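These numbers come from a predicted model, not from an experiment.
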Amino acid sequence: MNLLVRSCLPLLFLVAALPVAAAEPDHPGIHAVIESFRTAIIQRDKPRFLGLFLQPDAPWQLVNGDATLAQIQKERPQAIKARYKAENNPVAFIDGIVRSERTSEETFSNIRIDGDADVATVTFDYTFKSDGRETNHGTECWLMVRTQDGWKITTLAYSYNR
């Protein structure tokens, strides 16, 4: 054996002994929740939509983007970037969609899932459309837990840009 091979052998054994990183889980259950969220909006399916949440009044937080906030403040100078409103929740959201005469759709891209078998964060870029036209877009983040009935959303926060 030449000198180069002999000097590299300990390094090769060390690399071979390192644990192999497990592939990131596919999270099919979480992807199913994302798809149910999307289709429940399109189909105005309130029971299915609310079934995606651990509780129907789960925290639901809007954060105005800077440009959107500046536009809002022209009409309402007291408007702030992020205001908690107990009435912002999954029930109010889906009720507004069900009552509306317009079609509604939310599309998702750049989906990122981080977590283990029991808790996860889901982050994605979204576009909300009414009658096929974009009304707002931003980034949305869900905190999820896996229950005996599958994955449920516990908290939702999103940036709002007109």
key: Modelled atom types, side-chain donor and acceptor of Thr121 and Asp114, under 3.5 Å   = no
ask   = Do side-chain atoms of Glu140 reach the backbone of Tyr158 as a donor and acceptor pair under 3.5 angstrom?
value = no
query = Does the side chain of Thr139 come within less than 4.5 Å of Thr123's, by heavy atoms?
reply = yes
Min side-chain heavy-atom separation Phe108-Asp125 under 4.5 Å = no
query = Any side-chain heavy atom of Thr127 within less than 4.5 Å of one from Glu106?
reply = no
task = Indicate yes or no: at least one non-hydrogen side-chain atom of Phe37 is less than 4.5 angstrom from one of Phe53.
result = yes
query = Relative to the ring of Phe128, is the ring of Phe93 parallel (under 30°), tilted (30 to 60°) or perpendicular (over 60°)?
reply = perpendicular
inquiry  = Please tell me whether Thr39 and Arg48 have a donor and an acceptor in their side chains that are separated by less than 3.5 angstrom.
reply    = yes
ask   = Just wondering, are more than 12 heavy atoms of other shown residues or ligands nearer than 6.0 Å to CD in Gln78?
value = yes
query = Heavy-atom distance under 4.5 Å between the side chains of Thr147 and Leu54, does that happen here?
reply = yes
task = Using the rule that two of Ile, Leu, Val, Met, Phe, Trp, Tyr join whenever any of their side-chain heavy atoms come within less than 4.5 Å, decide whether Ile153 and Leu62 are in one cluster.
result = yes
message = With a sphere of 6.0 Å drawn around CZ of Arg102, does it hold more than 12 non-hydrogen atoms of other residues, nucleotides or ligands?
response = no
